[in-house]
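The chains referred to below are lettered A, B, ... by the order of the sequence lines, with proteins before strands, and numbering in each begins at 1.
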Amino acid sequence: MPMPKSSPSRTLVIVESPAKAKTIEKYLGQGYAVESSVGHIRDLPRSAADIPEKYKGQAWARLGLDVEHDFQPLYVVSPEKKQKVAQLRKLAAEADEIILATDDDREGESIAWHLYQELKPKVPVKRMVFHEITREAIQAAIAAPRQIDRNLVEAQEARRAVDRLYGYEVSPVLWRKVAPKLSAGRVQSVATRMLVERERERMRFVSATWWDVLVTAQAGEQTFPARLTEVQGERLAAGKDFDPLTGGLKPGAGVRLLGEAEALSIAGGLKGQTLKVLSAEEKPFTSRPPAPFITSTLQQEGSRKLRMSAQTTMRTAQRLYEGGYITYMRTDSTNLSGEAVNAARTQVKDMYGAAYLSPQPRVYAKKSKNAQEAHEAIRPAGSTFRTPEGLRGELSGDEWRLYDLIWKRTVASQMSDARGRSLRVRLGGQTADSVPVVLNASGRTIDFPGFLRAYVEGSDDPAAALEDRDTPLPPLKEGDVVQAQDVKAEDHETQPPARFTEASLVQALEGAGIGRPSTYASIIGTIQDRGYALKKGTALVPSWTAFATSALLEHHFGTLVDYDFTAKMEEDLDEIAGGRESRVPYLRRFYLGEDGQGMALRPLVERQMGEIDARGIATITVPKLEGSGIEVRVGRYGPYMQRGEDKANLPEDMTPDELTLEVAEELFSRPQGDRVLGEDPESGHPVLARAGRYGPYVTLGDENPPLRSASLFPGEKLEDLTLDRALKLLTLPRLVGTSEGEEVWAHNGKFGPYLKRGGDSRSLATHEQLFTVTLPEAEAIFQQPKFRGRGVAAAPLATYEYEGRTPILLKSGRFGPYLTDGEKNATLRKGEDVNTLDPQRARDILEERGKEPQKKPGKAGAKKATGTKAANNKANNKAAGGKTGTRKAAAKPAAKTTPARKTASKTAKASPSKAAPLTWAQLKPFVGVLSDAERALVTATREQGRKVEEVAPELGLDVKKAKGMALQASKKLNQAARQG
DNA sequence: CAGTGAGCGAGCTTCCGCTTGACTT
């Protein structure tokens, strides 16, 4: 047993953030060591590389949850956290007691539990929580420890599981039906949908114009603006009276629409007229200061007032937090600690005087849905706030401006209400030719600014900001007269709903209880990274891909993109946290959907994989093109339009709402919407750069089909293609010469450059050789056997030699660099750099992964080895074991081995999809894996030999859809049959 | 969305939340 350390008892306290650890250590002093976990330390494996070898063969491993056994999560310490965990483990071993002091919310509880699991402490462990980092709060927390709340942890695990299952099950549907590498998730898919729905409104929007008259009225020395609102007793139409879908007046609006001529005539007739005050109403108002900052409001104001992106705001706030200038910046609580309230109130009194202090300390209620309130509001740190002025030299520009904002908002929150009066005046009169009119004027007077001295909240709407301004009216009363001094007719246009900005999207998400303070900024990053949105100025504009993705999710996974999906999930999680419901049944309902209950995600995904018509989903409804026969579709090379045979690409920078019928016609009228590079000097035909199904290419002539066409070489871009280069490409295929009585041509083909002589062909090593290869060179290449003439590319990049082992070669292949020893292959994964490989590492990689391919056929039927299976295994032994395997096989009686090996090597060599097709008799026993519709379709086509076109209507299916379904069903069947 | 000749090592993409550096340009 090790001797006890000479120091007295030692308690290890673990919190989440290093900056917090530093502060707390100061308050705790002797006997306490405070460390941080730096967030979560374990998680479900992110991808195959993170899955422990032991679980790799499991069907559920890709999800990281054993969905067949109570959704048992597979937790792994992420590589970047390994060091952290080792350090904590060491400190834990040296401590006499451990206190887990992570945040008091679902995630914090979970972090504490993971720490407990991972550190496996042998000393007493306590859990403590505090909501403010003040000496008193921490000492109180130390005095009242508790245990880890397993129910809360279960709720977190349920949340984690739902997010994983949603993300990892639905994303693959998008890869298959829309485009690879897309993603779906509980938060991002709703965020994207919000952008798309707003954009759809904009696309449907029809703008309208109306006129009114602005009068500058004079009352004594003062002038003020008044606007025409009634003519001949009828109210004039304004923005709200128009239907955004038609641009016409809403039915039953009962208003008068003023045209230009009439407005000008009234304006002319009003000049110099006398107007009488019909009524003058004055209403007092008070307004209260906004609540102290939480993450979302900080991001909003950072954007409105400082023009900072959500990310910049957070990065700057992080620096302020780490420097000890502000409290924690990721919070959803508007609560201020007692210390903060005192500090704010003292400062108000000192700087603005007692009159500006709110009589009672203000307490702000919980602001957002699903708030967890583990921290305070964002405020200046400490028990006395440092003034912005005092920090001028100490902080950088952005830091100072953000601190100033936080300071003002915090101080203002303890100041008195602003008081003032709003005034509304109605003026009556008539034009020179006796048309009776009424005008309105309104103004606001601030009598006592209160908190406005320190802080005015920003607005996203410039018009609203103007209205809010302090606009005084002269003191008018009923019966007074004023003069219409200056008169102007004005036209107005209705505006479509504004696009979301980062700030307003965060606000909308928060309003729906979606996302957390720590993720608001990254949500915006995610939807941009996936190509769902791009920024135009401050606006977030959804892409065509976003339209396709959102449509797919709305039509086929509607529940998942409901705005209240998260809200419902939160309710369930609360039940779990409260111990009234359990994680496993909840997840069962969500994922498996037993007894027809719940979301039933897995069956739904399986069904939709077969049923969703990819082409239909890629076709986007554009309201303004309806009835025109034009379809917009997202293709492999971006969005394009189609009308009959005609196609036209949509410019990359065109946003969906910019596509009107006129624009579409204009794009169609351009020759194929492609770029004309110039004219071929020899033939006089135009030369075009185009983007085709098989990539970028150039054509000679703009008709269809063109006179000639040629693909660009890899790496060449359409944008920087010149006429000279295009003409050179169009010289292909090139006649190299005549050899053995046949012409030798150099072609640029589907698989790259190659030479063709009669029926024979050879690949070329580089594209440039197409222009340079000479006849003797070509003849030499034809002398080489086929498929070995890949030139330099075929040589290994490196060779690693070993004693007692065949050398390992590093080769460059279609899928990038890979290792091979002639029997096993292993593609290098990302993170495995060619330059850092050494013989040791190369062997490790190959031995670890080279085995994998043999596992697949073996695992499905491991228990019952049928004849085919047994044969398979033998073949595998041979492939995997090299010499050993051969010896084993040879030991078997030859008569048995030979036929078995023949079949086996055939199956083993080809991948499942390439293997010889199975007969209907072989497939039929497996129709149970199909849905009803699929089964009906397959039976009709394969058993009765009928055509899909014929069967589809009977099943109530679209022909296109049915074809897709048939294909899918056949895949499923084959897969099921091969797996036994 | 153009249309030309074969045959090869697959393996991975993706979620949401909690936290900061360690990297390069």
Side-chain angles (χ1 to χ4, degrees), chain A residues 16-20 36-41 43-44 46-49 62-64 80-81 84 102-103 105-108 110-111 114 156 159-172 174-175 180-189 318 322 330 515-519 522-523 526 530 633 635-638 640-642 645-649 672-673 690-695 697 699 704-706 709-711 733 745 747-752 754-756 759-763 786-787 790 811 813-816 818-820 823-830 849-850 852-853 911:
Chain A
E16 278 161 61
S17 142
K20 195 167 166 182
S36 62
S37 72
V38 199
H40 273 295
I41 54 156
D43 193 10
L44 305 177
R46 208 182 54 78
S47 67
R62 121 197 127 73
L63 296 170
E80 69 272 16
K81 282 290 167 61
K84 188 74 214 172
T102 48
D103 293 349
D105 58 16
R106 210 159 55 208
E107 299 295 329
S110 168
I111 293 175
H114 279 298
Q156 190 276 343
R159 194 281 304 158
R160 184 67 190 88
V162 165
D163 284 333
R164 168 53 64 92
L165 294 170
Y166 182 153
Y168 277 35
E169 287 290 9
V170 181
S171 297
L174 298 180
W175 303 341
K181 298 194 180 178
L182 293 180
S183 60
R186 176 174 57 83
V187 173
Q188 59 169 293
S189 294
Q318 174 88 32
E322 283 168 10
R330 289 186 275 266
R516 303 278 311 132
S518 63
T519 61
S522 61
I523 294 165
T526 302
R530 298 281 168 274
R633 209 164 282 137
R636 179 101 174 64
Y637 295 99
Y640 65 97
M641 294 184 295
Q642 185 166 13
E645 292 293 301
D646 264 5
K647 285 167 187 133
N649 284 321
Q672 296 294 303
R690 321 169 87 164
R693 181 155 49 126
Y694 309 112
Y697 67 109
T699 64
N704 218 355
S709 69
S711 283
W745 286 88
H747 287 272
N748 184 19
K750 175 158 59 156
F751 310 115
Y754 68 103
L755 291 170
K756 188 177 163 77
D760 202 5
S761 70
R762 293 288 186 282
S763 283
K786 225 175 178 179
F787 315 134
R790 285 221 152 182
K811 288 188 169 184
R814 281 182 299 154
F815 310 121
Y818 68 100
L819 294 166
T820 177
E823 293 190 331
K824 291 185 284 186
N825 304 305
T827 303
L828 291 188
R829 288 190 179 133
K830 63 176 181 185
R849 282 213 302 280
E852 282 174 32
S911 65

Self-check item: Which nucleotide in dC12(B), dC15(B), dG5(B) has an atom nearest any side-chain atom of S183(A)
Solution: dC15(B)

Exercise. State which of dC12(B), dT14(B), dA2(B) makes the closest approach to the side chain of P172(A).
Key: dT14(B)

Self-check item: Sequence-aligned protein contact record of nucleotides 17-22 of chain B, with B where the base is within under 4.0 Å of a protein heavy atom and S where only the sugar-phosphate is
Solution: BBBS--

Contacts under 3.5 Å, N or O only, protein and nucleotides 23-25 of chain B:
none

Exercise. Mind calculating the distance between CG (L165(A)) and C1' (dT14(B)) to the nearest angstrom?
Key: 13 Å

Exercise. Applying side-chain contact (heavy atoms from CB on, under 4.5 Å), name anything that partners P18(A), two or more places apart in sequence or on another chain.
Key: S36(A), V38(A)

Quiz item: What about R160(A), does its side chain sit under 3.5 Å from the base of dC15(B) through a donor-acceptor pair?
Solution: yes

Quiz item: Expressed in angstrom and rounded to an integer, what is the separation of L63(A) atom CG from dT14(B) atom P?
Solution: 16 Å

Practice problem: Describe the nucleic acid contact of T526(A) in one word from base, sugar-phosphate, nothing, applying a heavy-atom distance below 4.0 Å. | Solution: sugar-phosphate

Quiz item: What is the distance from CG of L174(A) to P of dC15(B), rounded to the nearest Å?
Solution: 10 Å

Practice problem: Only counting residues at least two apart or in another chain, list the ones meeting salt bridge (charged side-chain N to carboxylate O under 4.0 Å, His left out) with R633(A). | Solution: E631(A)

Quiz item: NA contact type, L182(A), heavy-atom cut-off 4.0 Å: base, sugar-phosphate, or nothing?
Solution: sugar-phosphate

Quiz item: Nearest-Å distance, OH (Y754(A)) to C1' (dG7(B))?
Solution: 15 Å

Quiz item: Is R530(A) near enough to dC15(B) that one of its side-chain N or O atoms lies under 4.0 angstrom from OP1 or OP2?
Solution: yes

Exercise. For K756(A), enumerate each residue passing the salt bridge (charged side-chain N to carboxylate O under 4.0 Å, His left out) test, keeping only those at least two apart in sequence or located in another chain.
Key: none

Quiz item: For the base of dA2(B), is there a side-chain donor-acceptor partner from S711(A) under 3.5 Å away?
Solution: yes

Quiz item: Where each residue is assigned the nucleotide of DNA chain B containing its nearest heavy atom, which of L44(A) and P706(A) is assigned the position nearer the 5′ end?
Solution: P706(A)

Quiz item: Does the side chain of H114(A) reach to within under 4.5 Å of the side chain of D43(A), using non-hydrogen atoms?
Solution: no

Quiz prompt | dC1(B) OP1/OP2 closer than 4.0 Å to side-chain N/O of Q642(A) | solution = no

Exercise. Please confirm whether the backbone N or O of L755(A) pairs with a side-chain atom of W745(A), one donor and one acceptor, at under 3.5 Å?
Key: no

Practice problem: Under the side-chain contact (heavy atoms from CB on, under 4.5 Å) rule, collect the residues that match up with T102(A), sequence neighbours excluded. | Solution: E16(A), I111(A), A112(A), L115(A), R127(A)

Quiz item: dA2(B) C1' sits how many Å from N748(A) CG, rounded?
Solution: 13 Å

Quiz item: If you look at every heavy atom in L63(A) and L44(A), which pair is closest and at what distance?
Solution: O-CD1, 4.4 Å

Self-check item: Distance below 4.0 Å between S47(A) side-chain N/O and dC12(B) OP1 or OP2
Solution: no

Exercise. Could you state the atom-to-atom distance from CG of L755(A) to P of dA6(B) in whole Å?
Key: 15 Å

Self-check item: Whole-Å distance separating the CZ atom of R106(A) from the C1' atom of dC16(B)
Solution: 11 Å

Quiz item: Contact class for Y166(A) (heavy atom, under 4.0 Å): base, sugar-phosphate, or nothing?
Solution: nothing

Quiz prompt | Sequence-distant partners of K81(A), salt bridge (charged side-chain N to carboxylate O under 4.0 Å, His left out), two or more places apart | solution = none

Quiz item: What residues, two or more places apart in sequence or in another chain, satisfy salt bridge (charged side-chain N to carboxylate O under 4.0 Å, His left out) together with R106(A)?
Solution: E570(A)

Practice problem: Map W175(A) and A710(A) onto DNA chain B by nearest heavy atom, then report which one ends up closer to the 5' terminus. | Solution: A710(A)

Quiz item: Please, what dot-bracket string fits DNA chain B when only Watson-Crick and G-U pairs with both distances under 3.5 Å count, crossing ones use [ ] and pairs to another strand use |?
Solution: .........................

Exercise. Could you list the residues that satisfy side-chain contact (heavy atoms from CB on, under 4.5 Å) with P706(A), not counting sequence neighbours?
Key: R690(A), T699(A), N704(A), S709(A)

Practice problem: Please check if the side chain of S763(A) supplies one atom and the backbone of Y754(A) the other of a donor-acceptor pair under 3.5 Å. | Solution: no

Self-check item: Residues which pass ring-ring contact (aromatic ring centres under 6.0 Å, His included) with H40(A), listed by chain and number, not counting sequence neighbours
Solution: none

Practice problem: Could you tell me which residues satisfy side-chain contact (heavy atoms from CB on, under 4.5 Å) with D163(A), sequence neighbours excluded, listed by chain and number? | Solution: R159(A), R160(A), R186(A)

